[in-house]
Amino acid sequence: MRRTAPATLLALILAGSLPAAALEGPAPAAPGTTAPAASGKPRVVIVATGGTIAGAGADAANSATYQAAKVPVDKLIAAVPAIAGVAEVRGEQAFQIASESFTNAQLIQLAKQVSALVKRDDVDGVVVTHGTDTVEETAYFLDLVVKTDKPIVMVASMRPSTAISADGALNLLDAVVVAGARDARAKGVLLTMNDEIQAGRDSTKRVNIKPSAFFSQWGPLGMVVEGKTYWFRAPVKRHGTTSEFDIDTIDALPDVAIVYGSGNMHPEPYTTAVAGGAKAIIHAGTGNGSVAGYLVDTLKDLRQKGVQIIRSSRVGDGFVLRNAEQPDDKYDWVVAHDLNPQKAKILAAVALTKTQDSKELQRIFWEY
Ligand code: ASP
């Protein structure tokens, strides 16, 4: 039989007239625990929250000057006809906001919506479109609290849909491929950007001006190329069905504040945060989560008043070692392990819904 050239196949897939299964290798397939769709394609729900992926600029030259959260989910889907070739897709509009405006209320509402979707027999995977600014926080939150092995895939873009070389269309197509892929199951919440599949727990926004914006210090889990998934590693931290947290039992999150470390600090950012209601402080310390000598008494005092002190680092990579730089055992403080301050804030808030015990909190920071 004569074989069609791969480039021709890809063109047909992108036009929406051929399923990605036309390419060689393991194709996305309907996961086994639910009855397959008549079409044989996985059924994916796209939950839209806004962000640049739904952004629109005045001109195609506007890659950085535009309004986020403008394009509704059905238009996002219609703009990528190739999606119909890889999955049966429908959209739900959760919110239409820029992600810097997310609050705990939105996190909880979104997680409950996604949790309800993954419980359905007719849903094989969920994609969440999101702004890039806080997608790393939402990804980690869903990873911790949605009890499922079905793929949940975050997707965003750095350029609005109206820009030249907009990155959202391919990112969205890739996210749908991953959400429908049997081999994406039980890998935690994922983020598909710039051809890479990253662990939602690990990935963080590192660049604020170009499409290769997301980075994980432990490396991406895999890649999506021409409608197929390729995997190279798997997460070991607890998530999804192995998590002890469940959004179905969480209706509010306690306040957690981050205080950014630098030279020449003052105690007020810590004390003011606590006066404003913070139950835990993420100290985004210099280096190995270091605390300036002149601030130690302030933090010890706050701990005595019941506030959890969690040492993270402003450095970004590496991990904070317990009892190095500061005697955490003696002061009853916690270390954030390899979580950056914004991820540590999410885990602290979730953990504090279950325990106020600092030893338990430290166990949770080791395990998640
Ligand atoms: N400020 C936007 C947001 O996070 C940026 C983006 O989506 O890239 O919603």
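As a basis for the values below, the full set of heavy atoms in this structure was taken, side chains included, without hydrogen atoms, waters or symmetry mates. Treat the numbers as computed from the prediction; the structure is a model and nothing was measured. Start at 1 and go down the list; that is how both ligands and their atoms are numbered. The first residue in the sequence is number 1, and the count goes up from there.
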Using the six-membered ring wherever Trp is involved, compare the ring planes of F245 and Y368 and label them parallel, tilted or perpendicular (cut-offs 30° and 60°).
tilted
For T204, enumerate each residue passing the side chain to side chain donor-acceptor pair (under 3.5 Å) test, keeping only those at least two apart in sequence or located in another chain.
E136, N340
Taking the ring of F102 and the ring of H130, is the distance between their centroids below 6.0 Å?
yes
Co-members of V207 in a cluster of I, L, V, M, F, W and Y side chains, linked at under 4.5 Å
I209
At less than 4.0 angstrom from any atom of ligand 1, which residues have a non-hydrogen atom? List them by chain and residue number.
G51, T52, A98, S99, E100, G131, T132, D133, S157
Apart from M265 itself, which Ile, Leu, Val, Met, Phe, Trp or Tyr residues share its cluster (side-chain heavy atoms under 4.5 Å, direct or through members)?
V259, Y270, V274, I281, V291, Y294, L295, V296, L299, L302, V307, I309, Y331, W333
With no hydrogens and no angle check, do the side chains of T241 and K147 hold a donor and an acceptor under 3.5 Å apart?
no
